[in-house]
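Notes to accompany the following structure.
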Amino acid sequence: MEAFRKCKRYGVKIWHCPQFLFLLMNLLIIAIILVVFNLSINIIEPHIAALLILFIAATFYVIGYLIIFSFENLAEASWSKSEFISIISHQLRTPISSIKWQLSLILDKKFNLNEEKIRKFLESINQDNEKMINMVNDLLEVSRIEDKSLILNLSSFSLRGLIEEIIPLNIDVSFPDNMSNVFADRVRIKNVIINLIDNAVRYNISSGKVSIELKEIPGFIHFLIKDEGIGISKEDSRMIFTKFFRGVNTLRYKTDGSGIGLYITKNIIKASGGKIGFESRDGKGSIFWFTLPIIKAEQKIINN
């Protein structure tokens, strides 16, 4: 039972938990010793003994592989969390230091700041404060996802109308004239779109274009955002939606990011009954897309 409790505390599947696998291996060793002992009492055919040895070797090979794989997962999770703590500490330190420095200037009477400079300092402090609030909110969202306590406030709304509220002027958009409403959490979907737009703009090249396309497919609204930026390497592609992960290109170009935005995005879309994916080539830009379910007739009745 202790092994199962540790596996639960680690938050890994039972077949990826070292404690369980070691326990299983020990039980198998004992069982095999007893079987071989009982068989040795009686005379067994050589080919049967060879098959038995082969089976034993294969069993231990599989269990050994699972143990190595589980340790790799735990080591990777430990590294990712250490990297995440380092990134978050750096990103929090910057706005905190900025707020402290600007408040010191405002409060220090020897600088004799006029109202206009004080107002600019306060605006900058407000922006830094918003950054920290957003970071804390993202961490809380990750915690809800991990604890499986993410609760969506579902409602019917126009995805096109939501995008028009937040779309920057320098992004090309393509919408059909008439579109069905989606059924999802409006606030969280807004954060999803803001995150995807922010990534597309942040990792875009200086003269590259960013475009958004909406279309209706059977049962869903399909959202697509395309950039002409730095792209995602093949090695990073398999990890792009995992938490605490930051790709090689993000480090190379020294862009900000906590490594949890796309993890949150994927889980919100998944919890909403949609799908999410991407296409990208290193240095050739990226396309991110997701789908959201269209509101059904019975849901319209409930909403009305």
Side-chain angles (χ1 to χ4, degrees), residues 76-77 79-95 98 127-128 130-132 134-135 137-139 141-142 145 162-163 166-175 188-215 222-270 274-291:
E76 187 173 298
W79 176 85
S80 297
K81 288 182 179 180
S82 297
E83 182 74 7
F84 170 73
I85 290 171
S86 175
I87 293 168
I88 287 295
S89 299
H90 173 74
Q91 292 195 357
L92 283 175
R93 183 177 59 190
T94 301
S98 175
Q127 290 175 359
D128 289 331
E130 286 295 321
K131 288 180 183 178
M132 291 190 291
N134 290 335
M135 266 187 270
N137 286 337
D138 283 347
L139 292 175
E141 200 80 325
V142 169
I145 292 168
L162 178 61
I163 293 172
I166 58 179
I167 195 76
L169 296 176
N170 59 338
I171 292 182
D172 296 331
V173 294
S174 174
F175 301 142
R188 283 192 167 95
I189 297 303
K190 183 176 182 179
N191 290 335
V192 163
I193 295 171
I194 289 173
N195 182 57
L196 292 176
I197 291 174
D198 182 63
N199 283 346
V201 172
R202 181 185 302 174
Y203 300 124
N204 203 23
I205 58 176
S206 57
S207 59
K209 293 182 180 179
V210 176
S211 59
I212 289 178
E213 177 186 324
L214 273 185
K215 63 181 179 180
H222 187 278
F223 170 97
L224 180 147
I225 183 166
K226 180 180 181 181
D227 67 65
E228 298 175 348
I230 60 178
I232 301 166
S233 68
K234 188 176 180 180
E235 293 76 18
D236 288 344
S237 293
R238 65 185 184 89
M239 300 288 291
I240 200 68
F241 287 116
T242 57
K243 63 179 181 294
F244 311 134
F245 177 75
R246 298 189 76 221
V248 173
N249 282 344
T250 63
L251 300 175
R252 184 188 305 160
Y253 288 86
K254 297 181 179 179
T255 56
D256 291 333
S258 59
I260 56 177
L262 288 176
Y263 172 77
I264 294 172
T265 293
K266 178 184 177 181
N267 281 276
I268 289 174
I269 296 298
K270 184 179 177 181
K275 295 181 179 180
I276 188 169
F278 74 99
E279 300 172 19
S280 184
R281 286 195 302 163
D282 197 2
K284 300 293 184 180
S286 303
I287 295 174
F288 278 83
W289 61 267
F290 67 79
T291 61

Separation between CD1 of Ile225 and OG of Ser211, rounded to the nearest 0.5 Å: 7.5 Å

Please give me the minimum heavy-atom distance between Ile264 and Ile145, naming the atom from each residue. CA-CD1, 4.0 Å

For a 4.5 angstrom cut-off between non-hydrogen side-chain atoms, does Asp227 reach Tyr203? no

Counterpart residues, side chain to side chain contact (heavy atoms under 4.5 Å, CB included), relative to Thr242 (two or more places apart): Met239, Phe245

Side chains of Glu228 and Asn204: closer than 4.5 Å at any heavy-atom pair? yes

Give every donor-acceptor pair under 3.5 Å between a side-chain atom in residues 192-199 and any protein atom, sequence neighbours left out.
| from | atom 1 | to | atom 2 | distance (Å) |
| --- | --- | --- | --- | --- |
| Asn195 | ND2 | Gly261 | O | 3.4 |
| Asn195 | ND2 | Thr265 | OG1 | 3.1 |
| Asp198 | OD2 | Arg202 | NH2 | 2.5 |

Using the test ring pair (Phe, Tyr, Trp, His ring centres under 6.0 Å), find all partners of Phe241 that sit at least two apart in sequence or belong to another chain. Phe278

Looking at residues at least two apart in the chain, or sitting in another chain, which of them share a side chain to side chain contact (heavy atoms under 4.5 Å, CB included) with Lys270? none

Distance-only, no hydrogens or angles: does the Ser280 side chain make a donor-acceptor pair with backbone N or O of Gly231 under 3.5 Å? no

For Glu141, all residues meeting salt bridge (Lys or Arg N to Asp or Glu O under 4.0 Å), sequence neighbours excluded: Arg144, Arg188

Got a second to check how far Arg281's CZ is from Ile287's CD1, nearest 0.5 Å? 10.5 Å

Straight-line distance of Phe288 CZ to Lys226 NZ, nearest 0.5 Å: 14.0 Å

Phe175 CZ to Glu213 CD distance, which is reported to the nearest 0.5 Å: 10.0 Å

With sequence neighbours excluded, what pairs up with Asp128 under the side chain to side chain contact (heavy atoms under 4.5 Å, CB included) test? Pro95, Ser98, Ile99, Gln102, Ser124, Lys131

Considering only heavy atoms from C-beta outward, does the side chain of Ile260 approach that of Leu139 to under 4.5 Å? yes

Value rounded to 0.5 Å, distance of OG in Ser237 from CG in Asp282: 9.0 Å

Note, Asn170 side chain near Val210 side chain (heavy atom, < 4.5 Å): no

Rounded to the nearest 0.5 Å, how far apart are NZ of Lys284 and CD of Glu279? 15.5 Å

To check you understand the geometry: which heavy-atom pair defines the closest contact between Trp289 and Lys275, and what is its length? CZ3-O, 3.7 Å

